[in-house]
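A quick write-up on the structure given underneath.
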2 protein chains.
Amino acid sequence: MLTERFLCNRRRRELSKEELEVVEGAIAEVRTIPPRSQVVTAGKPIHASTLLVEGLMCRYMDDRAGNRQIVAIHIPGDFVDLHGFPLKHLDHDVATITSCKVACVPHENLETIIGTHPHLSRQLWFSTLMDAAMHREWTFRLGRLDANQRIAHLFCELYCRMNAVGLAKDGSFSLAITQQDVGETCGITSVHVNRALRNLRNDGLVTFRSKKVVIPDRAKLAKLADFEPNYLFFDPDFEALS
Amino acid sequence: MLTERFLCNRRRRELSKEELEVVEGAIAEVRTIPPRSQVVTAGKPIHASTLLVEGLMCRYMDDRAGNRQIVAIHIPGDFVDLHGFPLKHLDHDVATITSCKVACVPHENLETIIGTHPHLSRQLWFSTLMDAAMHREWTFRLGRLDANQRIAHLFCELYCRMNAVGLAKDGSFSLAITQQDVGETCGITSVHVNRALRNLRNDGLVTFRSKKVVIPDRAKLAKLADFEPNYLFFDPDFEALS
DNA sequence: CGACCGTTTGATTTAGCTCAACATCTGTGG
DNA sequence: CCACAGATGTTGAGCTAAATCAAACGGTCG
């Protein structure tokens, strides 16, 4: 089921099976998109939103010199550009990182849902607010943490989110991004990412090698990164999930 | 009228007079809050949202060492914590900067609006998405700009937003915050804010003195700051407003 | 008038950037 | 299966923006 990960993504008890089927039914098309390809361009009108089923996507903005700042990383189960539905166009670009399987939900179908399923539409609103909460945390990350901490914080967040959709366990998950991507996310150069990763590795906090993140001691990493997962609004017992 | 600035705040044509009166009618109480006082605490349940009528407020998160990162600055007309309505509690703290006049809208009243005014409730959703768009831009600011540019970018954004609610014109507006606040917003120390402000002043780009921002040449400042106001989703002709 | 908060300036240190070289990995075609 | 090319990762040396520490200055309000 395409929406399976969307279900367990957040606050799992909040969506009924029937509502999930409504979302599933709103999907018009399932596509596979090659890695590193732009999907949405800032400013251009959009008429469908993208539910990510498999792979990694990101949202980003470039400065005038062409340097990229990634403002969101999306994992399976995320509604990548749901906010484009009320906004009609986006203020940023969207691209795939890896090869991706996506489900396209036309805005006219969302329109119908809004009219007929008040609770579900509330959940869609909620979903966009979760993104905003992550944006805030990213602001905190960039404003207050040093390079080591930023990377640690990013890995902590991704671990929690991956874990919530069944893609991480025992302190380890697969993450097919480059050190350059990490740099563009954390506002540091790829050279310095490399050095920071070495620090973290030498301190036994986290390794990131061959597209795999391993966190031997999550509590220790979270402490270094000043990471408090409350902003992800998971179930209170999310900690219990390993 | 308390909601006057909320109306003209964004995409002014999107709210009808009748809808505005519905919002106005949902206000339960108008309060004046002293400067520098905390209004909402992260994690605590909230039962009303705050429409800022006069003054400046901010949303922030502290790291373990107590250093503050401001993640949003709110001006009159902003719905400060509307996202707290679907979320039920916030992931950050909210405080006043100056003395503030606020209108409190109980969530039960919002609940009623959602049920009875679909277009208006869409506009409320839209309003929270505008906040998210600003969060993204702040991520960009912190990730890609140096100290001078960050401050310039912040002033550009605030000018546009202040202008949209009639609180800025001819390149100048009143801004009752300290250099410390600017630092906590831009992720730099207050000492360095001071030096960066001197740079900007010496270059004739912007002055910030006695709680007043003066921008002699907005285009020049915007260029330095890589500032593109599209993310604010104002009317296409917002540039025309002086 | 003095106390306090915010601003300004100087001296020193440091985290991260830049530039440059080299190593390793991955996918591709011969 | 190997050779190669391009992308990604690693390391070093030197430089720069910003932090830190410290002190003095200037409004403003009891």
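Proteins get letters first, then strands, A, B, ... in listed order; numbering begins at 1 in each.
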Kindly check if the number of other-residue, nucleotide or ligand heavy atoms within 6.0 Å of CZ (B:Arg209) is above 12?
no
Filtered N/O pairs between nucleotides 18-20 of chain D and protein, under 3.5 Å:
from   : atom 1 : to       : atom 2 : distance (Å)
D:dA18 : OP1    : B:Ala147 : N      : 2.8
D:dA18 : OP2    : B:His192 : NE2    : 3.4
D:dA18 : O5'    : B:His192 : NE2    : 3.3
D:dA19 : OP1    : B:Thr189 : N      : 3.3
D:dA19 : OP2    : B:Thr189 : N      : 3.3
D:dA19 : OP2    : B:Thr189 : OG1    : 3.0
D:dT20 : O4     : B:Arg195 : NH2    : 2.9

Could you check A:Arg59 against A:His83 for side-chain hydrogen bond (donor to acceptor under 3.5 Å, both in side chains), going step by step and ending with a plain yes or no?
CA-CA 12 Å; A:Arg59 304 195 257 154; A:His83 56 299; 3.0 Å; yes
Just jot down the side chain to side chain donor-acceptor pair (under 3.5 Å) partners of B:Arg136, sequence neighbours excluded, or say none.
A:Asp91, A:His92, A:His135
For atom CZ of B:Arg209 and atom P of C:dG6, their distance in whole Å
18 Å
With a sphere of 6.0 Å drawn around NZ of B:Lys211, does it hold more than 12 non-hydrogen atoms of other residues, nucleotides or ligands?
yes
Rounded to the Å, how far apart are B:Arg36 CZ and C:dG6 C1'?
11 Å
Is the distance from OP1 or OP2 of D:dA7 to the nearest side-chain N or O of A:Gln179 less than 4.0 Å?
no
Between D:dA7 atom P and A:Ile177 atom CD1, what is the distance in whole Å?
19 Å
Got more than 12 heavy atoms from elsewhere within 6.0 Å of CZ, B:Arg201?
yes
According to the interplanar angle, ranging from 0 to 90°, do the rings of A:His89 and B:Phe233 count as parallel (below 30°), tilted (30 to 60°) or perpendicular (above 60°)?
parallel
Atom-to-atom span, NZ of B:Lys211 to C1' of D:dT28 - whole angstrom
12 Å
Could you give me the CA-CA distance, side-chain angles and deciding distance for A:Arg161 and A:Glu157, then say whether salt bridge (Lys or Arg N to Asp or Glu O under 4.0 Å) is met?
CA-CA 6 Å; A:Arg161 292 167 59 196; A:Glu157 177 184 302; 2.8 Å; yes
Here the distance between atom C1' of D:dT11 and atom CG of A:Leu197, to the nearest Å, is 14 Å
In whole Å, what is the span from the CG atom of A:Asp181 to the C1' atom of D:dG9?
13 Å
Using a cut-off of strictly less than 4.0 Å, decide whether B:Asn194 has a side-chain nitrogen or oxygen near OP1 or OP2 of C:dT7.
no
Phosphate contact (C:dT9 OP1 or OP2) by B:Arg198 side-chain N/O below 4.0 Å:
yes
CD of A:Gln180 versus P of D:dA7: gap in Å, rounded?
12 Å
A:Asn67 CG to C:dT18 C1', in whole Å, measures 13 Å
